Structures are given as C-alpha cells and as structure tokens.
Peer 1: 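For reference, the structure I am asking about is given below.
No experiment lies behind these values; they were computed from the predicted model shown. Below, all heavy atoms of this structure are taken into account, side chains as well, without hydrogens, waters or symmetry copies. This chain uses plain numbering: 1 for the first residue, then up along the sequence.
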Amino acid sequence: MKDLLGQALLDYQNGNYTEDIITSTNISDEDTLPIPYLFREYKDMPLLEKKALKLAKGHVLDVGCGAGGHSLYLQDKGFTLKSIDISEGAISVCKSRGLNHAKVASILDETEQFDTILLLMNGTGIFQKLSYVTKYLTHLKSLLKPDGQILLDSSDIQYMYEDEDGGFWIDTNANYYGELHYYLSYKGKKEEPLTWLYLDFETLKTACLTVSLDCENIQEGDHFDYLAKLTIIE
C-alpha cells in the first residue's frame, strides 16, 4: 500500500491542500472525494454517523479512524477510546489533531476488549469479500465486553445495477454484487487496487446469526444505507 490516502490527509493537515482524491470502482466512473470532507465536524456528519456517536458507550474502539473526526468528538465528550487505522499518514494526522490513543493497526491484530466498536463510513468495507465476513465478525465478537456493541454502517448497492427499464443486470454466476474493486489516485499517483465490500442488511444479519450475534437495524439513511447494532446472543 502506497498510503496515498494518508498522504492526502497529511497534506491537508499541514496546509498543502491543492487537489482532491479521485476514486472509482469496477462498476462506477471516476468521482471526486473532497479531502475537507474527511475532516468534517459533528455538525456536518451524516445522520447515521451522528446516531452511532450518540449510541457510543464505555470504552470505545474506532476502527478505520481516518483523520479522527469521530474519535475527536467522543474524546471531547470524555470517552476513553482507542483509534486504529492501517494508514500511517492517517494516524500521524490523528495525533497532530490531539487524539490521545491512536495507533497504526489492523482490526485483526486487536486483542483488547471494548464496550463499543465503531466501523463507520461503510464499515463493512474492511471485510473485503463476502467469504471473509464470518472471520471478521468472529474476531469482532471476541473484542466485545459483556453487554458490548458493534455499531457499523453500510449500503445495499443493488441500485447501481439497475437499468433504465427498472431491471437489474447482476450476474448471478459472479461474486456477491457488493464486492467491488476500489481504485484511488492522488496527485497523479495510483494506489494499489482494494477489494471493498458493501453489504446489504439481510445478508449481514444472516452472517451475524451464524456467529451468535444479534443484528438490529437501528436507522435507515437517505440512500440505501443503514446503521446496524450487533450484540452477543446469550
């Protein structure tokens, strides 16, 4: 990984913001990801993110914390939390912005236990593929304290396969339609392609039941997205 996202965050943090990130997928054209959006404050966050932050309790783990906006909000509210990201640049930015416990780490390497685990901004993306979901959920479950919760958001992107007549052109012989190849470029450089997973709620709920996690749809978003709360089934 070239960590172009981390470089973009560092540039913005250090006053070197001159252009935005360009993203695309195997089913969508290029789009612009404005870097200032990744530094948004609570008042500018989507409703699902605000709802998740309001539901946070106890010791919190923020997974894929990025520039640290969610963590900073909770830290300012007095929460004890740990923020992790695989991007060295992102964690450097988090520390510069005043986060007390930010660390370069993968969720699969985490061993502490928490009352709340946050996976926001399409938190299921880190699962990569449908076949990996059970592995990730099992590990996340092991990180929960008694009465702990996982708060994650995602989207059902079936709408992206809809044609003009209202039908769908999903290849039923291909992989799950939410598995995308994700491409990112910044200042003329291309990041290594990622596999990124968007997961519809019913598929997530089914996967949760296989590892004895209850999955509750807390709130629907404006565009086929949702916030889910996962808890251990006793």
Peer 1: Does CG belonging to D222 count more than 12 external heavy atoms closer than 6.0 Å?
Peer 2: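 Count not over threshold, so no.
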
Peer 1: Please round to the nearest 0.5 Å and tell me the distance separating atom CG of L9 and atom SG of C94.
Peer 2: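 L9 CG to C94 SG: 8.5 Å, rounded to 0.5 Å.
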
Peer 1: Tell me whether N26 contacts the main-chain N or O of L180 through its side chain, where contact means a donor paired with an acceptor under 3.5 Å.
Peer 2: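 Not a single qualifying donor-acceptor pair exists.
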
Peer 1: Are I27 and L184 connected in the hydrophobic side-chain network, where two residues link if heavy atoms are under 4.5 Å apart?
Peer 2: yes

Peer 1: Mind listing the closest non-hydrogen atom pair of Q13 and F39 along with its distance?
Peer 2: OE1-CE2, 3.6 Å

Peer 1: Is E30 reaching over with its side chain to a backbone N or O of I22, donor-acceptor style, under 3.5 angstrom?
Peer 2: no

Peer 1: Does any part of the side chain of Y159, heavy atoms only, come nearer than 4.5 Å to the side chain of H223, both counted from C-beta?
Peer 2: yes

Peer 1: Looking at every non-hydrogen atom in both residues, tell me the closest pair between L143 and E112 and how far apart they are.
Peer 2: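 It is CD2-O, 3.2 Å.
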
Peer 1: Look up atom OG in S185 and atom CG in L33, then write down how far apart they are to the nearest 0.5 Å.
Peer 2: 10.5 Å

Peer 1: Would Y136 and Q128 count as having a side-chain donor-acceptor pair, cut-off 3.5 Å?
Peer 2: yes

Peer 1: Hydrophobic clusters join Ile, Leu, Val, Met, Phe, Trp and Tyr when side-chain heavy atoms are under 4.5 Å apart, directly or via other members; which others share one with L99?
Peer 2: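 When side chains under 4.5 Å apart are linked, the cluster holding L99 also contains L72.
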
Peer 1: Any idea which heavy atoms bring T195 and K129 closest together, and the distance?
Peer 2: CG2-CG, 3.9 Å

Peer 1: For G148, is there any backbone N or O sitting under 3.5 Å from a side-chain donor or acceptor partner on D115?
Peer 2: no

Peer 1: Is there a side-chain contact between K2 and Q7 (heavy atoms, below 4.5 Å)?
Peer 2: no

Peer 1: Around atom CD1 of I218, are there more than 12 heavy atoms of other residues, nucleotides or ligands at under 6.0 Å?
Peer 2: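 Buried by this count: over 12 neighbours within 6.0 Å.
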
Peer 1: For residues 50-59, tabulate all N or O donor-acceptor pairs below 3.5 Å that involve a side-chain atom, not counting sequence neighbours.
Peer 2:
unit_1: K50; atom_1: NZ; unit_2: K43; atom_2: O; d: 3.4
unit_1: K54; atom_1: NZ; unit_2: Y73; atom_2: OH; d: 3.2
unit_1: K57; atom_1: NZ; unit_2: D147; atom_2: O; d: 2.8

Peer 1: Nearest 0.5 Å, what's the CG-CG distance between L213 and L140?
Peer 2: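 So the CG of L213 and the CG of L140 are separated by 8.5 Å.
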
Peer 1: Has the side chain of K189 got a donor or acceptor atom that lies under 3.5 Å from a matching backbone atom of L4?
Peer 2: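 Not confirmed, K189 side chain does not pair with L4 backbone.
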
Peer 1: Keeping H70 on the side-chain end and E49 on the backbone end, is there a donor-acceptor pair under 3.5 Å?
Peer 2: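 Not confirmed, H70 side chain does not pair with E49 backbone.
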
Peer 1: State, with a plain yes or no, whether a side-chain heavy atom of M160 is found less than 4.5 Å away from one of Y198.
Peer 2: no

Peer 1: Please find the pair of heavy atoms, one from T210 and one from A207, that lie closest to each other, and give the distance.
Peer 2: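 Answer, listing the atom of T210 first, then A207: OG1-O, 2.5 Å.
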
Peer 1: Using only heavy-atom distances, determine whether the side chains of S71 and D62 contain a donor-acceptor pair under 3.5 Å.
Peer 2: yes

Peer 1: If Ile, Leu, Val, Met, Phe, Trp and Tyr residues are connected whenever their side-chain heavy atoms lie under 4.5 Å apart, and connections chain through other members, are I117 and L199 in the same group?
Peer 2: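 I117 and L199: one cluster.
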
Peer 1: Side-chain contact, heavy-atom cut-off 4.5 Å: T18 with D11?
Peer 2: no

Peer 1: Find out whether L209 and C215 are in side-chain contact, i.e. whether some heavy atom of one side chain is under 4.5 Å from a heavy atom of the other.
Peer 2: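 Side chain of L209 against side chain of C215, heavy atoms only: no contact under 4.5 Å found.
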
Peer 1: Quick one about Q149 and T231 (side-chain donor to acceptor, distance below 3.5 Å, no hydrogens or angles considered), yes or no?
Peer 2: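 Per modelled atom types, T231 and Q149 side chains form no pair under 3.5 Å.
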
Peer 1: Would a 4.5 Å heavy-atom cut-off, applied to side chains only, mark F201 and D156 as touching?
Peer 2: no

Peer 1: Would you say K190 has more than 12 foreign heavy atoms packed within less than 6.0 Å of its NZ?
Peer 2: no

Peer 1: Under 4.5 Å between side-chain heavy atoms, counting indirect links through other Ile/Leu/Val/Met/Phe/Trp/Tyr residues: same cluster for Y42 and L48 or not?
Peer 2: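 Y42 clusters together with L48.
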
Peer 1: Using atom types as modelled and distance alone, determine if a side-chain donor or acceptor of S155 lies under 3.5 Å from a backbone N or O of I157.
Peer 2: no

Peer 1: Looking only at the aromatic ring of each residue, does the gap between the centers of Y132 and F127 stay below 6.0 angstrom?
Peer 2: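 No; Y132 has its ring centre 6.0 Å or more from that of F127.
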
Peer 1: Counting only N and O atoms by type, is there a donor-acceptor contact under 3.5 Å from the side chain of E179 to the main-chain atoms of L130?
Peer 2: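 Judged by distance alone, yes, a pair lies under 3.5 Å.
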
Peer 1: Are L119 and F114 co-members of a hydrophobic cluster defined by side-chain heavy atoms under 4.5 Å apart?
Peer 2: yes

Peer 1: Starting from V93, can I reach L74 by hopping between I/L/V/M/F/W/Y residues whose side chains sit under 4.5 Å apart?
Peer 2: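 No, separate clusters.
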
Peer 1: Side chain of D31, backbone of T23: donor and acceptor closer than 3.5 Å?
Peer 2: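 Here the side-chain-to-backbone pair does not exist.
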
Peer 1: Do R40 and P46 have side-chain heavy atoms sitting under 4.5 Å apart?
Peer 2: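 R40 reaches P46 side chain to side chain.
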
Peer 1: Identify the two heavy atoms, one from I35 and one from A8, that lie closest to each other, and give their separation to 0.1 Å.
Peer 2: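 So the two residues come closest at CD1-CB, 3.7 Å.
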
Peer 1: Are side-chain heavy atoms of L197 and Y176 found at a separation under 4.5 Å?
Peer 2: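 A side-chain contact under 4.5 Å exists here.
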
Peer 1: Provide the closest heavy-atom pair for P36 versus Y17 in the form atom of the first, atom of the second, distance.
Peer 2: CD-OH, 3.4 Å

Peer 1: Which pairs would a plain distance check flag for residues 85-92, meaning a side-chain donor or acceptor within less than 3.5 Å of a matching protein atom at least two apart in sequence or in another chain?
Peer 2:
unit_1: D85; atom_1: OD1; unit_2: S87; atom_2: N; d: 2.9
unit_1: D85; atom_1: OD2; unit_2: C65; atom_2: N; d: 3.3
unit_1: D85; atom_1: OD2; unit_2: G66; atom_2: N; d: 2.9
unit_1: S87; atom_1: OG; unit_2: D3; atom_2: OD1; d: 2.6
unit_1: S87; atom_1: OG; unit_2: D3; atom_2: OD2; d: 3.3
unit_1: S87; atom_1: OG; unit_2: G89; atom_2: N; d: 3.4
unit_1: S87; atom_1: OG; unit_2: A90; atom_2: N; d: 3.0

Peer 1: For K145, is the NZ atom crowded, meaning more than 12 foreign heavy atoms sit under 6.0 Å from it?
Peer 2: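 Check passes, neighbour count above 12.
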
